[in-house]
Student: 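I am attaching a structure below and will ask some questions about it afterwards.
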2 protein chains.
Amino acid sequence: MNSFTEENYLKAIYKFSLTHKKGASTNSIAKALNTKASSVTDMLKKLALKNLINYKKYYGVTLTSKGKQIALSIIRNHRLWEVFLVDKLNFNWDEVHELAEELEHIKSEKLITNLDAFLNFPTLDPHGDPIPTKNGKIKNIKMIDLSQFKINQEGVFIHVKDSSDKFLKYLSKNNLEIGVKIKVIEMESFDNSFKIAYNNQQLIISENVAKNLYIKN
Amino acid sequence: MNSFTEENYLKAIYKFSLTHKKGASTNSIAKALNTKASSVTDMLKKLALKNLINYKKYYGVTLTSKGKQIALSIIRNHRLWEVFLVDKLNFNWDEVHELAEELEHIKSEKLITNLDAFLNFPTLDPHGDPIPTKNGKIKNIKMIDLSQFKINQEGVFIHVKDSSDKFLKYLSKNNLEIGVKIKVIEMESFDNSFKIAYNNQQLIISENVAKNLYIKN
DNA sequence: CTATATTTTTAGATTAATCTAAAAATATTA
DNA sequence: TAATATTTTTAGATTAATCTAAAAATATAG
Ligand SMILES: [Mn+2]
Ligand SMILES: [Mn+2]
Ligand SMILES: [Mn+2]
Ligand SMILES: [Mn+2]
């Protein structure tokens with residue numbers, strides 16, 4: 001069995017692989033896990049020994065298929081628990097991440113299988129992220145971030161990239177929820193800000209915000 | 001914050017106090033937690049330093065009120081999770097203990113408050129054990145074990161003492177569930193075994209089994 | 001009340017995960 | 001490509017939880 005710590009390293013390496021071609025660097029992992037590079041090196045040696053990562057000193061690491069499978073199952077747990085907390089226990093979407101970080105490590109096949117059924121086999125978590133299947137299949141949803149939109153273009157908001165509670169609270173405050181139809185009505189080339197319309201309201205958002213809102217493609 | 005390990009020690013000391021007048025001995029704790037006496041001594045020093053136990057070298061330990069409060073809150077978590085697993089996720093009562101041992105340590109006030117509400121404020125867990133309130137109040141249910149019954153005496157089975165999965169499976173197999181009305185119809189003074197009747201069946205049980213079945217008083 | 005048995009504590013190691021500081025390797029840039 | 005900057009690894013400590021073996025304290029029995 002792998003420790004919570006090992007599982008968190010695998011998850012971090014997996015997440016890195018989603019946005020980068022090359023393997024994750026020691027420093028990138030250290031940053032993601034809020035630890036020091038030297039600690040990461042130690043752990044990489046250990047994970048390599050367990051055949052969970054491909055590690056060559058001084059070069060980045062990638063997951064082996066065994067490592068990837070573990071990472072995906074932890075992510076599955078995480079997202080199912082987030083659905084549980086929001087749908088059943090009335091949590092807000094900005095309150096669930098830290099708790100799910102703990103719950104995800106509880107290992108019980110039956111627990112997850114039955115939780116999945118209890119939740120009616122959800123495919124997306126509260127932040128629009130796809131939930132991997134039991135066999136580690138994960139749907140690749142086609143989407144682009146709002147900053148790439150042209151004027152008058154519109155689409156459905158389906159995913160939020162930054163899921164820090166600060167950002168999520170900002171979105172909630174402005175009624176920007178998953179499923180809302182958004183239309184770009186103005187663009188400011190000066191600072192790349194956008195004016196958007198949705199429901200019955202309008203809002204000016206910074207480029208940074210736009211880059212974190214993903215729209216169905 | 002206290003580690004999982006510390007919390008388990010506090011729980012063990014609390015449980016010991018339920019059946020014994022004197023403080024828990026180093027050895028009794030070691031046995032309960034499946035560890036060595038020397039490890040227990042180390043931990044007792046640490047808990048004493050944190051003012052969670054009353055510890056005097058070579059004599060037993062008792063919980064301080066702070067320690068007791070923590071123990072009760074962990075037990076509350078444990079029992080609420082057991083109710084969740086049985087009532088919502090269709091687990092059997094003999095499958096939940098180990099999982100609850102892990103879930104009980106997840107610290108979130110809101111999680112437990114909302115889980116409690118979601119479960120409709122249960123007062124008993126699947127094994128008939130009372131669930132402490134948020135403020136650490138725990139109902140003392142009046143009950144006696146079946147071995148003290150006389151012939152023809154009857155009562156409702158409300159609590160099982162030994163909650164090992166082996167014993168629980170034995171009870172399930174014989175349809176002995178919490179809430180069943182049991183009547184003693186024969187006693188064998190030779191080995192203190194009992195013949196009992198309940199629902200539409202009869203069963204001969206050993207003294208050991210009788211001592212683990214508690215009946216409402 | 002002394003000798004023996006039992007229990008508890010201490011001493012000294014070990015393992016996992018972490019850190020700081022220094023050394024080594026790789027990457028950049030002029 | 002050589003100097004410099006950056007990244008990564010190593011060396012050596014630290015902290016929590018555990019262990020074995022030995023010493024010390026307490027309990028028990030004749
Ligand atoms: Mn999350
Ligand atoms: Mn999420
Ligand atoms: Mn239990
Ligand atoms: Mn129980």
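Bear in mind the structure is a predicted one, so any value in this text is a computation, not a measurement. Just so it is clear: chains get the letters A, B, ... in the order the sequence lines come, proteins before strands, and each one is counted from 1. Just so it is clear, the values below take in all heavy atoms, side chains as well, and ignore hydrogens, waters and symmetry mates.
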Student: Could you state the atom-to-atom distance from NZ of A:K22 to C1' of D:dT7 in whole Å?
Tutor: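 Spelled out: NZ on A:K22 to C1' on D:dT7 is 13 Å.
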
Student: Check this one for me: any side-chain N or O of B:Y55 less than 4.0 Å away from OP1 or OP2 of C:dT9?
Tutor: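 B:Y55 to C:dT9 OP1/OP2: side-chain N or O found under 4.0 Å.
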
Student: Run the numbers on A:D145 and A:S147 for side-chain hydrogen bond (donor to acceptor under 3.5 Å, both in side chains), then give the verdict.
Tutor: CA-CA 6 Å; A:D145 73 83; A:S147 75; 2.4 Å; yes

Student: Run the side-chain hydrogen bond (donor to acceptor under 3.5 Å, both in side chains) check on A:N8 and A:H105 step by step: do they pass?
Tutor: CA-CA 9 Å; A:N8 286 333; A:H105 300 292; 3.1 Å; yes

Student: Contacts to DNA chain D from residues 27-36 of chain A, heavy-atom cutoff under 4.0 Å, which residues?
Tutor: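 Here the set is A:N27.
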
Student: Assign A:K56 to base, sugar-phosphate, or nothing according to its heavy-atom contacts below 4.0 angstrom with the strands shown.
Tutor: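 Here A:K56 touches no strand at all.
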
Student: For the side chain of A:A37, starting at C-beta, report the closest nucleotide among C:dT10, D:dT18, D:dT9.
Tutor: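 Closest nucleotide to the A:A37 side chain: D:dT9.
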
Student: My validator wants the stems of DNA chain C: runs of 3 or more consecutive Watson-Crick or G-U pairs, both distances under 3.5 Å, written as range with range.
Tutor: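 Stems (3+ consecutive pairs) listed as C:1-30 with D:1-30.
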
Student: Between A:N114 and B:L89 (side chain of the first, backbone of the second, donor and acceptor by atom type, cut-off under 3.5 Å), is there such a pair?
Tutor: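 A pair under 3.5 Å: yes.
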
Student: Check for me whether B:K110 meets the cation-pi criterion with A:F91, that is, NZ or CZ under 6.0 Å from the six-membered ring centre and within 45 degrees of the ring axis.
Tutor: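 So B:K110 does make the cation-pi contact.
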
Student: Reckon B:T26 has a side-chain N or O less than 4.0 Å from the OP1 or OP2 of C:dT7?
Tutor: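 No, outside the criterion.
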
Student: Test salt bridge (charged side-chain N to carboxylate O under 4.0 Å, His left out) on B:K211 and B:E207 and set out the steps.
Tutor: CA-CA 6 Å; B:K211 284 207 151 99; B:E207 179 180 23; 3.2 Å; yes

Student: Side chain of B:S38, heavy atoms from C-beta onward: which of D:dT8, C:dC19, D:dA21 has the nearest atom to it?
Tutor: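 Given the options D:dT8, C:dC19, D:dA21, the side chain of B:S38 is closest to D:dA21.
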
Student: Separation of B:D42 atom CG from C:dA11 atom C1', in whole Å?
Tutor: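 After rounding, the gap between these two atoms is 11 Å.
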
Student: Is any side-chain N or O of B:T41 closer than 4.0 Å to OP1 or OP2 of C:dT9?
Tutor: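 Answer yes for this pair, as a side-chain N or O of B:T41 is under 4.0 Å from OP1 or OP2.
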
Student: Round to the nearest Å and state the distance from A:K45 atom NZ to C:dT18 atom P.
Tutor: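 For the pair A:K45 NZ and C:dT18 P, the rounded distance is 15 Å.
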
Student: Under 4.5 Å between any side-chain heavy atoms of B:L124 and B:V83, yes or no?
Tutor: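 Heavy-atom side-chain distance check fails, nothing below 4.5 Å.
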
Student: Please work out if A:F4 contacts a base, only the sugar-phosphate, or nothing of the nucleic acid, heavy-atom cut-off 4.0 Å.
Tutor: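 Touches nothing.
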
Student: Does the side chain of B:I112 come within less than 4.5 Å of B:L80's, by heavy atoms?
Tutor: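 B:L80 reaches B:I112 side chain to side chain.
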
Student: Using distance alone, with no hydrogens and no angle criterion, decide if A:S206 and A:N208 have a side-chain donor and acceptor under 3.5 Å apart.
Tutor: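 No - no donor-acceptor pair under 3.5 Å links their side chains.
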
Student: For the pair B:F84 and B:W81, name the ring-plane relationship: parallel under 30°, tilted 30 to 60°, perpendicular over 60°.
Tutor: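 The arrangement is perpendicular - the two ring planes meet at more than 60°.
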
Student: What is the distance, to the nearest angstrom, from the CG atom on B:L44 to the C1' atom on C:dT7?
Tutor: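 So the CG-C1' distance, B:L44 to C:dT7, works out to 13 Å.
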
Student: Pull out every protein N or O sitting under 3.5 Å from an N or O of nucleotides 24-28 of chain D, one pair per line with the distance.
Tutor:
| from | atom 1 | to | atom 2 | distance (Å) |
| --- | --- | --- | --- | --- |
| D:dA25 | O4' | B:Y58 | OH | 3.3 |

Student: Just checking A:D191: does its CG atom have more than 12 heavy atoms from other residues, nucleotides or ligands closer to it than 6.0 angstrom?
Tutor: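 Buried by this count: over 12 neighbours within 6.0 Å.
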
Student: Quick one: do the A:D162 and A:S164 side chains pair a donor with an acceptor below 3.5 Å?
Tutor: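 Yes, because at least one side-chain N or O of A:D162 sits under 3.5 Å from a partner of the opposite role on A:S164.
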
